[in-house]
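One structure is given here, and the rest of the page talks about it.
Numbering of ligands and ligand atoms starts at 1, following listing order. Below, all heavy atoms of this structure are taken into account, side chains as well, without hydrogens, waters or symmetry copies. Just so it is clear, the structure is predicted and the values come from calculations on it, not from any experiment.
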Amino acid sequence: NNLSDDENVSEEMPTTPGLTSHRFSQELSKRVQDHLLESIQPPGVDGDKWQLCAEEGKMKMYTRELIRDGIICDPLKAIHKIEKVTAREVCHNFWLSDVRKEWEGSVEEFRVLEKLDDSTVIIYQSHKRIWPSAPRDCLYLSSILKIDNPPPTANGHEAHDTWMVCNFSVDHAEANPVPGCVRATIEVALICQTYITSPDDRSDAIRDHITCDIVYVASINPGGLAPASFLRPFQKREYAKFLRTFTTYVQDKTKDKDVSF
Ligand code: 18C
């Protein structure tokens, strides 16, 4: 398998977390299970505290106010539905380092520090600076997984397939804190499900009958104090920009290619 070949999605990705073994397997497996239990749930169930903060077409963004040790760490949950792409295509493009700079506008530089297995890497990245605050960097594990037994979906339909990318902060000997740079910590998941719609037009192109449901959750601790009046609107804008840019990127990139389930 070649990590740098974005045309050929690995055929040997683990379908269940924990099948391959590395020093973060257990932690990864636990986080994946938590995302499948909680993150995948639509906002509004179980009397949760998610508040709708933005809506753009089929994309809805929800947030909750959360302050830890005085630092604003408001989590985000976004749900979206995009046409003509599969869960695998969306997750693959989110996970693959080679195309990161083609859609990720917040990153200045990044490098893969370690490959733990064919679907799991540890990444260090620095972010574009927001003057006058200190520069930020982060260090995280990133894994792509096919989920074989997803929980039943709230929409009552059975998904054709389910894929997930799970990113979370870890430590690594090759990425000690950088003087003057504030390390942000992250917990991010992108969960995607493909649905095949029944043909209601004359198109026999399979791509025309595919829809992908997306759940994106992010909890970012920016690592230092930032005024709420700046941070909250800033986050909202940046997350919306990311979701818009990234989903359009995947649609453009795949539109003339064979469908990859
Ligand atoms: O999930 C996304 N991308 C993945 C691949 O990069 C990965 C990334 C996580 C993002 C980590 C962010 C860490 C700090 C960010 C610094 C801000 C830079 C913004 C520059 C904008 C030009 O999982 C998609 C991520 C989409 C990110 C949206 C930005 C969210 C902002 C979070 C708050 C950060 C506060 C920064 C401090 C401000 C001080 C006044």
Side-chain angles (χ1 to χ4, degrees), residues 28 31-32 35 39 53-54 56 59 61-80 90-113 120-145 163-170 175 177-178 180-192 214-250:
L28 173 61
R31 287 173 191 256
V32 168
H35 285 308
S39 308
C53 66
E56 261 182 50
M59 177 177 90
M61 285 175 24
Y62 301 81
T63 191
R64 266 186 296 132
E65 292 199 354
L66 179 68
I67 299 180
R68 279 208 182 108
D69 299 328
I71 299 175
I72 295 175
C73 299
D74 298 359
L76 173 107
K77 181 184 283 215
I79 54 173
H80 201 358
V90 178
C91 285
H92 182 63
N93 281 284
F94 184 71
W95 177 78
L96 192 73
S97 310
D98 286 21
V99 300
R100 184 75 30 87
K101 293 286 266 218
E102 291 176 31
W103 57 263
E104 172 58 281
S106 80
V107 168
E108 189 70 58
E109 283 175 40
F110 77 95
R111 55 182 196 272
V112 178
L113 297 181
T120 312
V121 288
I122 296 179
I123 289 179
Y124 169 83
Q125 67 191 31
S126 61
H127 287 270
K128 290 188 180 148
R129 185 164 182 187
I130 308 148
W131 293 90
S133 79
R136 260 50 185 197
D137 64 5
C138 71
L139 171 58
Y140 61 96
L141 176 149
S142 181
S143 191
I144 180 168
L145 308 109
W163 285 76
M164 179 195 296
V165 176
C166 182
N167 293 351
F168 59 91
S169 286
V170 291
V178 177
C181 198
V182 174
R183 187 144 298 174
T185 53
I186 69 162
E187 165 91 60
V188 169
L190 177 74
I191 307 167
C192 297
I214 296 177
V215 177
Y216 173 82
V217 288
S219 292
I220 296 178
N221 182 330
L225 299 178
S229 59
F230 169 78
L231 197 60
R232 289 194 162 125
F234 172 78
Q235 289 195 350
K236 193 167 107 176
R237 218 172 41 239
E238 292 301 318
Y239 282 127
K241 200 194 290 173
F242 150 65
L243 288 159
R244 221 182 289 129
T245 311
F246 172 67
T247 51
T248 308
Y249 169 78
V250 180

What do you reckon, does Y216 put a non-hydrogen atom under 4.0 Å from ligand 1? yes
Would you call R129 and E108 a salt bridge, taking side-chain N to carboxylate O under 4.0 Å as the test? no
To the nearest 0.5 Å, what is the distance between CD (E104) and CZ (F110)? 9.5 Å
Which atom pair, heavy atoms only, marks the closest approach of P222 to I220? CD-O, 3.4 Å
Has K77 got a side-chain atom pairing as donor or acceptor with S39's backbone, closer than 3.5 angstrom? yes
Residue of the set I123, L141, V188 for which side-chain contact (heavy atoms from CB on, under 4.5 Å) holds with N167: V188
Distance filter under 4.0 Å to N167 heavy atoms, resulting ligand 1 atoms: 7 (C), 23 (O)
Around atom 40 (C) of ligand 1, find the nearest protein heavy atom and jot down its residue, atom name and distance. F230 CE2, 3.5 Å
Relative to ligand 1, is F110 under 4.0 angstrom through side chain, backbone, both or neither, heavy atoms considered? neither
Regarding D74 and R232, does a basic nitrogen lie under 4.0 Å from an acidic carboxylate oxygen? yes
If I apply the N/O under 3.5 Å rule, does Q235 come out as touching ligand 1? no
Side chain or backbone of K241 under 4.0 Å from ligand 1, or both, or neither, by non-hydrogen atoms? neither
Is the shortest distance from a heavy atom of F246 to ligand 1 less than 4.0 Å? no
Please confirm whether E104 comes within less than 3.5 Å of ligand 1 when only nitrogen or oxygen atoms on both sides are compared. yes
Quick note on ligand 1: atoms under 4.0 Å from a heavy atom of V188 include exactly 1 (O), 23 (O)
Angle between ring planes, F234 versus F230, binned at 30° and 60°: parallel, tilted or perpendicular? parallel
List ligand 1 atoms under 4.0 Å from P222, heavy atoms only on the residue side. 35 (C)
Run the numbers for me: atoms of ligand 1, each under 4.0 Å from some heavy atom of K128, listed by number. 18 (C), 20 (C)
Compare all side-chain heavy atoms of S142 with those of T120 and state whether any distance is below 4.5 angstrom. no
Evaluating non-hydrogen atoms only, which member of L225, I130, V165 is closest to atom 36 (C) of ligand 1? I130
Determine, using heavy atoms of R129 and all atoms of ligand 1, whether some pair is separated by less than 4.0 Å. no
If the cut-off is 4.0 Å to any non-hydrogen atom of I186, which atoms of ligand 1 fall inside it? 9 (C), 11 (C), 23 (O)
Between F242 and Y216, is the gap from one ring center to the other below 6.0 Å? yes
I want to know if ligand 1 touches H127 in the polar sense, i.e. an N/O pair below 3.5 angstrom. no
Euclidean distance, N93 CG relative to T247 OG1, rounded to 0.5 Å: 11.5 Å
By number and element, which atoms of ligand 1 are closer than 4.0 Å to a non-hydrogen atom of A184? 13 (C), 14 (C)
Ligand 1 atoms in contact with S133 (distance to a heavy atom under 4.0 Å): 39 (C), 40 (C)
Just verifying a value: how many Å separate S126 OG and R183 CZ, rounded to the nearest 0.5 Å? 10.5 Å
For ligand 1, indicate whether the residue L190 contacts it via side chain, backbone, both or neither (heavy-atom separation under 4.0 Å). neither
